Structure formats: C-alpha cells, structure tokens
Amino acid sequence: MKEGFRQSMAWLHTWSGLVVGWILFAVFVTGTLSYFRPEISQWMRPELRDVKADAHAASKAIAMLQERAPNSPRWFITLPEAREPVVRVTFRDPNGGGEGRRGFKVAVLDPSTGEEVKARETRGGDFFYRFHFELSMKPIWGRWVVGFCAMLMLVAIISGVITHKKIFKDFFTFRPKKGQRSWLDAHNAVGVLALPYHAMITYTGLVTLMFMYMPWGIEANYSDNREAFSKEALGIAAEVKPANQPGTLTDIEPLIEEARRQWNGAHAAFITINNPSDINSRITIRRDTEGQLANSNRNVVFAGTTGELLSVAGEPAPASQTRAVMFGLHMATFSSTTLRWLFTLSGLGGILMVASGLVLWSVKRAPERAKLGYTPFGHRLVEVLNIGVITGLPVAVAAFFYANRLLPVTLAERPGWEVRVFFAAWLLSFVLPMIRPARVAWTTQFVAGAALFAALPAINALTTQAHLGITLAQGNWVYAGFDLTMLAIATLLGLTGWYASRPPGSRKPAKHKASERLNLPAEAERA
C-alpha cells in the first residue's frame, strides 16, 4: 500500500492502464469500427452497389447449394437484411477441401437471381470485428490476451473512479494550455463522459467469452456433454446423425412463414441445414435481433424432408437471458442507426480516454527527464509505443482500405494481402518515432493519416463506380456515408496534427504553478 487507500488506487490505475493500454487502444479502435461491420463489408465490395434484397432469396440460395455442394454435411445461409442486402452461403465439400476459414467455402449471392456475385475477395468489416477480440492471433490465444487486457481495463475503471473523489466536478473542468494539468483534465472529461459505456462494454466483453474464461460450472454440471448444455442453456438443438439414405429437401418458403408465425411476425436471419441430402436432414431457422436487446438463439427446427415442426426454442432461462442481454449490449445489433452512432461516439470517447492516459504517463514524467538531462530507456520505449500505436493504427486502417481498392481483383489470396498491407503500414509507423524527435513524429504521422483518409474518396472514384458522384445522387448512404466519414476522420486527424505541430512556446505557461501543483489530485502526484 502507498500512503493511503486513494494513493494505492492511483498507483493501480496508472499501471493497470499502462501495461495493456496499447492493446486496449487497438481493441477500442477496431471494436468501434465493428459497429459498422456490414457497411464496411459492403463498401469493400463495390460490385454489390446495386444489389437489392428479395423475399425468395432462401429458396434460390438452396438451389445454388444443391447444384454446387450437394454432398456437403452442412449448409449455412445468411439471409439479406437492410444493412447487408446480399445472401451469404457457407459450406464445406468433404471431397474438395476448403479455401476459407477452417476449411469452409463462402459465396456471396445476388438475392434476386441466386447467382454468385463476382465481387472481389476481401475480409471486409469482419477483419476489424475479429481483430478486436482475437488480435489476428490464433483464436484461443488472442481471446485470452484480450480477456486479460479487458480485466485490467475493468480494474483501471474502478480504481479510476475511486481515485477521482471529485470526478464529476473534474468532468466540468478543463484548463487548456497548461501542460500536464490540461492532459489530466482531458483524460477525466472523456473518461467520465462515457463512463457507463466504458464499464458496460468492458464487462459485457468478458461475458461474451465467459464459457472459455470460466468453464468450470459447465464441466461440473455437464461433464463432457456439451450438447446437453447447449440445448438446455442456449436453445441449440442437438445434432442428428445421418441415416445414410438419400432424401430431398422440402420447400423452404412455407417453413420460413411458419417460423415467422411462431415469432409473431419477426423475420428470419439465418438458416442452418444439416445433412441436406439425407433423409435425416434438419433445417434450423434463427430469427433476427432487430429491435431485440437480447441476442439469444430463438430458433425453430424442422424435419428437412417432410417440413414437420420438431422444436421451438422458447424464452431462455433467467441466467441465459441475462447473458443474452449483455451479449446484445456489447454487439449493439439491436440498435437503430442513431443509437449505433451514439455507441460509436462513446467508443471514440474510449479511444481518447486510453490515448490521453498513455500520453499523460509521458507528460507527467517530463520534469524528471529534464532534471536528469536525458531520457531513460523506459520513458523512451513508452514514447515510441505511444506514437506507433496511437498514430500508426489510423494509418494502418487507411492502408487496409487502400489495399482493397488498389490490389488486383484477381490476386490469389487477396484477403490475406489486405491484412499484410495493414500490418506492414502499422509496423512502418514505429520507424519514425525511433529516429526522430517525438513532436516531429507525432505531427508527421497524424498529418500522414489525415492525408490518406482525405484522399481515399478520390481513390475510390478513380477505381470504382461506387463513388460520391454517383452514390449521393442515388441516395445510397452506405457507400456515400463511408466516403463522407473518411473525410470527417481526415479532418479530425488533421486538426490533431496541427495542434501537435505547435511549438511549446506557443502554449501559454500556467500561472501560479506551485499552487496549482498542490491542488493536483492524488493520481497526478502519486502515480
């Protein structure tokens, strides 16, 4: 313990935030982008600009699968919806292997024709979504790393609230051009402004992977019988083994209508067909989550050959419903466009909170460096990591979008090359802060990020027919909104770069420094 409880909490807040702050910054950035995962995926496939949804998309998708993958043991069909009007089918051919994730093949279909759309291959918004909880590592390791960081984030939030005994007063206090005091005020403001969001998104993030982090309750009650747990707690029907006798699927459209009747008119979102060419085939239809806070497995199961209704997942038990609500809160799939933008602004607050906390660590130690006459290795390391992560990640995101537009459409393993460009650009962002003064590196890389985002709509116009000149006139706000958002991000980065470029002499020194230092809160004095 330090000199007191609050001083101990200040120490805990500082170091729990710093140790994982760079990973948390990346998680916040990519997680915030994931709120618009379908829209990003659409923009990265400009060939889909004119695709429209169709009421009979499911039957056309099944016809395509029966022709292309009749022997696949399982089909997955994602039905079109307002934010993603295409049909996505996933299957695995046991004889032909697979090209995609875990051996599965994925095809994008035009809902009105059922024909595969010849769109460029891309990871799309799925890259940011998976990165924010897997860090592009092997899933099991990435999820454990992110879970550890999320736990420390929760510790930092709680210890930060305890440390700031005048937290709400500090929220309404901002003193610009006062060095450390200004950074502390900014950190307090963005931290308190979206404090409920920060606590919610961190805790619910842990809950989404609770079965991996805390499996002992399941093991104690169900032993190795995971199917029984999935059926009882999550409403997932147990798999039925094939009878190895040929069977023909019944028409899917009446089954969808029956499912909608069971759900009081709610729409179907996802179809799973097990053993589609077998007499023991099963069709599971899952409802969408539009307007539903709880992201639960509300599904209906039919016999594939006869269409007989076999089971309807009812309301989950209270514990499962609680988890489903937390899952829905974290994913925000229930939200309207307006609410999704509010989530995004809160995510931006989280990004600024983490970034300002990392910078504050260095700013607070500037007097120590001045007294020593040199920069200790630890201070220099934090400074380089701060610049490389905070300014480099936006550059990497922009490079990812550039790769989508500039790489040859026919390039083999094209999605993998997009990811390689992302990480190459990010790694290069660490070079400049290693060889140039910090202020130069901050300014240069913020301006570079601003220039990249500002030029992206122009690159889009030169390489596709889904640019602002067309999409604005058509009222296609997915594509037009993406380009306009890129310009807004460029403006934000440009203003930040302009502020970072100002020489220290242009910032007015604080008056009465001695008295102000005495009035600094505990975390500024003790951390």
Side-chain angles (χ1 to χ4, degrees), residues 55-66 69-81 87-92 94 102 104 211 218 222 224-292 294-321 323-325 327-328 333:
H56 303 290
S59 58
K60 295 171 182 176
I62 288 176
M64 178 270 188
L65 288 166
Q66 286 174 327
N71 297 320
S72 175
R74 187 173 300 168
W75 297 338
F76 302 97
I77 304 171
T78 303
L79 298 177
E81 47 100 9
V87 178
R88 280 186 295 152
V89 296
T90 306
F91 59 93
R92 182 167 55 192
R102 290 181 294 181
F104 285 96
F211 300 136
I218 301 172
Y222 295 90
D224 294 328
N225 192 355
R226 285 286 181 138
E227 284 190 357
F229 167 74
S230 297
K231 182 177 180 180
E232 183 175 344
L234 304 178
I236 300 175
E239 292 187 21
V240 176
K241 293 183 178 180
N244 295 320
Q245 298 179 26
T248 303
L249 287 176
T250 187
D251 184 10
I252 192 67
E253 301 297 340
L255 307 189
I256 293 177
E257 288 302 316
E258 173 62 21
R260 293 192 63 186
R261 190 184 69 80
Q262 295 288 340
W263 300 326
N264 298 319
H267 293 284
F270 193 78
I271 300 173
T272 303
I273 303 179
N274 291 317
N275 311 312
S277 300
D278 193 270
I279 196 172
N280 265 0
S281 58
R282 293 290 184 269
I283 299 176
T284 303
I285 304 176
R286 191 172 73 197
R287 65 166 291 174
D288 68 6
T289 56
E290 183 179 0
Q292 299 290 318
N295 196 326
S296 56
N297 288 302
R298 298 294 303 278
N299 55 55
V300 181
V301 181
F302 298 93
T305 55
T306 64
E308 178 188 357
L309 178 62
L310 299 179
S311 67
V312 178
E315 288 291 336
S320 296
Q321 181 77 344
R323 176 188 175 273
V325 168
F327 196 95
T333 52

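Predicted model only: the values in this text are computed from it and were never measured. Numbering starts at 1 and runs along the sequence shown.
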When you measure from the side chain of [X] to the backbone N and O of [Y], does any donor-acceptor pair fall under 3.5 Å?
| X | Y | result |
| --- | --- | --- |
| Asn275 | Val240 | yes |
| Trp75 | Ala69 | yes |
| Thr78 | Phe270 | no |

Considering residues at least two apart in sequence or located in another chain, which fulfil the side chain to side chain contact (heavy atoms under 4.5 Å, CB included) criterion with [X]?
| X | result |
| --- | --- |
| Pro80 | Ala53, Ala57, Val87, Pro111 |
| Ser59 | His56, Ile252, Glu253 |
| Ser320 | Ala233, Pro316 |

Does anything in residues 226-245 pair up under ring-ring contact (aromatic ring centres under 6.0 Å, His included), and if so which pairs, sequence neighbours excluded?
Phe211-Phe229, Tyr222-Phe229
Once ring-ring contact (aromatic ring centres under 6.0 Å, His included) is applied, what residue pairs with a partner in residues 232-269 remain, sequence neighbours excluded?
none
Minimum heavy-atom separation for Phe91 and Ser72, please, with both atom names.
CB-OG, 3.8 Å
Which heavy atom in Pro276 sits nearest to a heavy atom in Pro73, and how many Å separate them?
CD-O, 3.7 Å
Contacts of Glu258 meeting side-chain hydrogen bond (donor to acceptor under 3.5 Å, both in side chains) (sequence neighbours excluded), chain-then-number -> Arg261, Gln262
Could you list the residues that satisfy side-chain hydrogen bond (donor to acceptor under 3.5 Å, both in side chains) with Thr306, not counting sequence neighbours?
none
List for me each residue that meets salt bridge (Lys or Arg N to Asp or Glu O under 4.0 Å) alongside Arg260, sequence neighbours excluded, and say none if there are none.
none
Report yes if the side chains of Leu65 and Ile77 come closer than 4.5 Å at any heavy-atom pair, otherwise no.
yes
Taking the side chain as every heavy atom from C-beta outward, state whether Val300 and Leu255 have any pair of such atoms under 4.5 Å apart.
no
Dump the intermediate steps for side chain to side chain contact (heavy atoms under 4.5 Å, CB included) on Ile62 and Val89, then the final yes or no.
CA-CA 9 Å; Ile62 288 176; Val89 296; over 6 Å; no
Name the atoms and distances for all side-chain donor-acceptor pairs under 3.5 Å in residues 279-288, with sequence neighbours left out.
residue, atom, partner, partner atom, Å
Asn280, ND2, Lys241, O, 3.2
Ser281, OG, Asp278, O, 3.3

Atom CZ in Arg74, atom CD1 in Ile273: separation rounded to 0.5 Å?
12.0 Å
